[in-house]
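Working notes for the structure below.
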There are 2 protein chains.
Amino acid sequence: MYEQLTKYITAHSPLRDERLQQVLTYFKPLQVKKNALLARIGEPSRRMFFINTGCLRVYFIKPDGREVTRRFAFENSFSSSLTSFISGTTLKEATQAVEPSALLYMDRLDFYGLLDTVPGWDLFYRYCLEYAYVTNTRRLEDFITLSARERYRLLLEENPEVVLRLPNKLVANYLNITQEALSRIKAAP
Amino acid sequence: MYEQLTKYITAHSPLRDERLQQVLTYFKPLQVKKNALLARIGEPSRRMFFINTGCLRVYFIKPDGREVTRRFAFENSFSSSLTSFISGTTLKEATQAVEPSALLYMDRLDFYGLLDTVPGWDLFYRYCLEYAYVTNTRRLEDFITLSARERYRLLLEENPEVVLRLPNKLVANYLNITQEALSRIKAAP
DNA sequence: CTGATTTATTGATCCGGATCAAACATTGCT
DNA sequence: AGCAATGTTTGATCCGGATCAATAAATCAG
């Protein structure tokens, strides 16, 4: 059960052996059903999730009540609403399982506590921050520079899993366009 | 000359006394004229800038050749194209002085070298990453959820300096709208 | 399995902001 | 100061994608 997680942490930090085991003990398993809400807007940010199987969606809500997806996370990746996780403030984004998912999670306080007690864990955190920053900046750039059709083509090229695996509704939501617009783009690519 | 920088680092890291001094010695002064290009797209990312006076603009270029501003940085803040700075890859964004500016800069290799040699500097880097991430995510959210008019109002409310200090052309560019559109928004707010 | 709800497609219309164009104001240069 | 270059405003038109509406297809619960 900790195999995938072990591989991930090993790939992105110098943690090995006892120190790695020490970190792993803080991760607890969690099975969730499709559509389960793992984090609600307004509540404090509590957990960092690692996905063994399934898919999580992080989204925020516009003033008019509509949802927009900021990111999807599939198996073998981490997910948390980092903005609030960092500061400990209330969540601006919700997290939902869009498939039945097998997760491992670490509590926020444990996560930050380990930064002071386990040498090397800070390098893992640094990796997470750097990766999240680069990914997010890329997404910002795409939104600013590309049309809906171009964003769809790029997604299909760089992350086809999203298009193939998830319902149109969610794909459209991720691209920040309506289902109708996505349907037309797919019809005449 | 190092007063503002000292204050900034002290505010965002535990560095003090000799260790702080050690870090400061790596910062070199640089005076640039208005419109000077400090970093060109395609070149490797080389420097992290601290602004004593003036204003820098970080922008990328759309496929059609047009520029879009990702951020402005005024006095007492850092600026670098973090995406490339992190990875050491070539720059995807350019950096330009939009006012005559007095800067202090640190070379990228020095910056990362200090992470291993000066205890506490890693915490400063962590702060930079966290801050950059939160800021950028906020900007992504604003682009996704707000109209041009709403983005302008928000900018005026949260960062009036940008609107008051910089020419319309750059403000429009930052909002990712045309000068004409901004002019109309200002006329009928 | 079947009816009910949710999701996907297709068409008609609308709207925010882009584009093109022209007049006007400001800034910079020597 | 005086001219050129750059920035700003206002108007007319256009276009991508939203909205509204209706139907068809897929998914789900009992």
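From a predicted model like this one, the values you see are computed outputs, not experimental measurements. Numbers restart at 1 for each chain; the letters A, B, ... are given by sequence-line order, proteins then strands.
In this structure, the NZ atom of B:K186 is 10 Å from the C1' atom of D:dT8, given to the nearest Å. Put simply, NZ on A:K169 is 12 Å from C1' on C:dA8, counting in whole angstrom units. The CG atom of A:N35 sits 10 Å away from the P atom of D:dA29 (whole-angstrom rounding).
For B:F27 and B:F50, the gap between ring centers reaches or exceeds 6.0 Å. Aromatic ring centres of B:F111 and B:Y26: separated by at least 6.0 Å.
Residue pairs satisfying the side chain to side chain donor-acceptor pair (under 3.5 Å) criterion with at least one member in residues 108-120 of chain B, sequence neighbours excluded, are listed as follows: B:Y112-B:Y125.
Out of D:dT9, D:dT10, C:dA8, the shortest distance to the side chain of B:Q179 is found at D:dT9.
Between the side chain of B:N173 and the main chain of B:E67, a donor-acceptor pair closer than 3.5 Å is present.
The ring-ring contact (aromatic ring centres under 6.0 Å, His included) check on B:F49 picks up nothing, with sequence neighbours excluded.
Between the side chains of B:E3 and B:T6, no donor-acceptor pair of N or O atoms lies under 3.5 Å.
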Across nucleotides 17-30 of chain C, 5' to 3', mark each nucleotide with B, S or - according to how protein heavy atoms within less than 4.0 Å reach it. SSBBB------S--
